[in-house]
2 protein chains.
Amino acid sequence: MATPSRRDTPGALTGQAEDYLKVIYHLERSGEAAATSDIAAELGVAPASVSGMLQRLARLGLVRVERYRGARLAPPGRHVALQLIRRHRIIESFLATKLGYSWDDVHDEAERLEHAASTELIERMAESLGHPTADPHGAPIPTVEGRVDERSLRSIAEMTVRETARVVRMSDRDPAFLRYLAGVGLTPGVEVTIVAIAPFDGPVELRIARKRVSIGAAAAGQVFIEPV
Amino acid sequence: MATPSRRDTPGALTGQAEDYLKVIYHLERSGEAAATSDIAAELGVAPASVSGMLQRLARLGLVRVERYRGARLAPPGRHVALQLIRRHRIIESFLATKLGYSWDDVHDEAERLEHAASTELIERMAESLGHPTADPHGAPIPTVEGRVDERSLRSIAEMTVRETARVVRMSDRDPAFLRYLAGVGLTPGVEVTIVAIAPFDGPVELRIARKRVSIGAAAAGQVFIEPV
DNA sequence: CGGAAAAGTTAGGATGTACTAACATTCTGA
DNA sequence: TCAGAATGTTAGTACATCCTAACTTTTCCG
Ligand SMILES: [Mn+2]
Ligand SMILES: [Mn+2]
Ligand SMILES: [Mn+2]
Ligand SMILES: [Mn+2]
């Protein structure tokens with residue numbers, strides 16, 4: 001039976017298959033089909049393994065694959081991916097809010113629990129959190145119906161001098177990066193004002209709640225904002 | 001890689017293997033080695049599948065198997081089983097106490113989450129519950145060191161007329177049974193007094209907090225008590 | 001005690017997932 | 001444009017887990 005992820009759905013996918021769909025969903029957000037090697041890099045598997053899995057997912061009607069050209073989610077696959085992302089983000093929120101996890105620590109735990117938690121559990125967590133709309137890193141939580149606010153946000157790197165904006169979200173991939181951001185005061189909800197931008201991809205100097213902070217251009221590109 | 005349960009331990013077992021160890025632990029409590037067909041029945045797999053798994057577990061040094069005679073846990077296997085049971089019971093307690101699950105509903109959820117939850121998560125749950133020593137059905141929670149209070153308790157069926165005792169725990173296998181018990185007021189902690197015992201495995205009549213209740217002999221044998 | 005029933009094991013096959021090595025296609029830059 | 005680099009697929013293998021069917025061992029009872 002090869003370890004299906006035994007949640008409450010009957011014809012449930014394995015956790016592996018779910019993770020592939022999620023990765024394809026994220027990669028596809030660029031507009032391009034998800035490339036085999038990008039999926040492989042994201043999941044830490046060999047490209048050959050991805051080719052194999054894509055064929056299986058295509059057979060199940062979850063993705064459309066064009067040989068040598070990459071994969072796109074079919075509507076049922078998109079639905080699976082969005083519900084998985086919902087589970088992931090609600091779990092992250094719950095761990096951070098109710099169990100004192102630090103925001104840089106929730107991701108790995110959620111990455112496993114998302115495949116084991118039933119819809120019942122997820123909805124109880126959401127309930128007890130007051131139905132949050134964003135996870136601890138500001139990422140929007142898809143609804144049960146699969147709606148998600150996917151507007152693409154500007155990053156701090158795209159702001160202009162003297163502009164003020166509110167931090168909405170940041171990349172949650174690297175715990176060390178999140179700890180760094182928390183250290184300098186960059187968390188969802190805070191307001192930042194650009195003081196100066198050094199040329200040639202130099203550091204961005206900004207003001208956060210009266211404090212001066214200078215961050216690298218790369219970091220600035222990973223922190224997303226919206227107008228106040 | 002066949003879906004190891006990716007918790008925090010490095011050479012982690014799969015969730016399947018963990019469940020086999022847990023079942024062997026429970027079956028072995030009778031004193032006898034766990035029989036292949038009993039393990040199979042418990043897990044809902046064919047006996048042949050059990051033979052195969054026992055060989056793998058033996059190769060890993062987790063069980064000792066005597067061909068045609070059944071399996072016993074080796075110390076490392078016992079340790080795995082006890083930690084899994086700890087995880088299971090803490091999860092059950094958490095779901096019941098913190099997320100409003102009914103006590104007949106926690107088991108299936110815990111059966112999956114126990115393989116995905118890290119030690120970190122379990123300890124945070126335990127912490128937030130005030131380090132409970134028993135799960136919602138009164139089953140004792142093994143410590144981190146693997147100690148567990150395994151005294152064998154008398155059941156209501158073994159009580160004598162006019163005797164009073166406190167309900168400690170009950171079998172948690174069947175949700176309908178748990179709902180029934182809750183319905184008649186039999187939950188851990190309540191005091192019961194035997195009013196009458198009908199012969200030939202007849203019903204047991206008892207008093208629970210001023211109320212008269214009559215339960216079948218089979219049910220009485222699944223509810224365990226201790227002296228007040 | 002001895003043979004039938006029950007219990008357990010092995011053989012052989014399926015599926016999911018992964019790997020490496022070899023081959024095929026697509027892209028890219030001189 | 002076109003050859004080498006980059007990317008992707010296939011072939012062949014491994015392993016965990018499950019199954020059924022056939023065989024073996026143990027148990028039990030007349
Ligand atoms: Mn995951
Ligand atoms: Mn997140
Ligand atoms: Mn389990
Ligand atoms: Mn329990």
Side-chain angles (χ1 to χ4, degrees), chain A residues 1-7 9 11-24 27 30 32-72 77 80 111-112 115, chain B residues 1-7 9 11-24 27 30 32-72 77 80 111-112 115:
Chain A
M1 213 190 282
T3 319
S5 74
R6 324 203 171 295
R7 281 204 333 289
T9 347
L13 291 170
T14 62
Q16 253 84 343
E18 287 185 323
D19 276 341
Y20 273 86
L21 293 172
K22 185 170 67 169
V23 163
I24 293 166
L27 289 171
S30 71
E32 304 290 300
T36 297
S37 54
D38 291 346
I39 300 170
E42 205 65 36
L43 290 170
V45 301
S49 307
V50 174
S51 290
M53 179 65 96
L54 289 181
Q55 284 169 16
R56 248 170 286 138
L57 295 174
R59 210 174 353 98
L60 294 169
L62 298 167
V63 301
R64 253 135 349 116
V65 182
E66 246 186 290
R67 246 157 122 258
Y68 290 102
R69 299 242 105 105
R72 286 177 190 280
V80 171
E111 197 58 55
R112 281 174 282 106
H115 309 291
Chain B
M1 212 192 282
T3 320
S5 74
R6 325 205 169 295
R7 281 202 333 290
T9 348
L13 292 169
T14 62
Q16 251 84 344
E18 286 185 323
D19 275 341
Y20 274 85
L21 293 171
K22 184 169 67 169
V23 164
I24 294 166
L27 290 173
S30 71
E32 305 289 301
T36 297
S37 54
D38 291 346
I39 300 170
E42 204 65 35
L43 290 169
V45 300
S49 306
V50 175
S51 290
M53 178 65 96
L54 289 181
Q55 284 169 14
R56 248 170 287 135
L57 294 174
R59 208 170 358 93
L60 294 170
L62 297 168
V63 301
R64 255 142 338 123
V65 182
E66 246 187 291
R67 242 155 125 260
Y68 290 101
R69 299 245 106 102
R72 286 177 190 279
V80 171
E111 197 58 53
R112 282 174 282 104
H115 309 290

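Below, chains carry the letters A, B, ... as their sequence lines are ordered, and counting in each starts from 1. All values reported here derive from a predicted model rather than from experimental measurement.
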Checklist entry - Checking all strands, does B:S49 fall into the base, sugar-phosphate, or nothing category for heavy-atom contacts under 4.0 angstrom? => result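 Base contact.
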
Checklist entry - Looking across every strand, which nucleic acid part, if any, lies under 4.0 Å from B:Q55 by heavy atom: base, sugar-phosphate, or nothing? => result sugar-phosphate

Report yes if a side-chain nitrogen or oxygen of [X] is closer than 4.0 Å to either non-bridging phosphate oxygen (OP1 or OP2) of [N]; otherwise report no.
X     : N      : value
A:T14 : C:dG16 : no
A:T36 : D:dT7  : no
B:S51 : C:dT9  : yes

Euclidean distance, atom [atom1] of residue [X] to atom [atom2] of [N] [Å, nearest integer]:
X     : N      : atom1 : atom2 : value
A:D19 : C:dG16 : CG    : P     : 17 Å
A:L27 : D:dG8  : CG    : P     : 11 Å
B:E32 : C:dA7  : CD    : P     : 14 Å

From the list [options], which nucleotide is the closest neighbour of the side chain of [X]?
X     : options                : value
A:A35 : C:dG16, D:dG8, C:dA18  : D:dG8
B:A17 : D:dT10, C:dG8, D:dT17  : D:dT17
B:A46 : D:dA16, D:dC19, C:dC19 : D:dC19

Item to check | A:E42 with A:K22: basic N within carboxylate O range, under 4.0 Å | outcome: no

Protein-nucleotides 26-29 of chain C N/O pairs closer than 3.5 Å?
from, atom 1, to, atom 2, distance (Å)
C:dT26, O3', A:R69, NH2, 3.1
C:dC27, OP1, A:R69, NH2, 2.8
C:dC27, OP2, A:R69, NH2, 3.2

Next on the checklist: With side-chain contact (heavy atoms from CB on, under 4.5 Å) as the test, pick out the partner of A:I24 among A:V63, A:D38, A:V50.
Outcome noted: A:V63

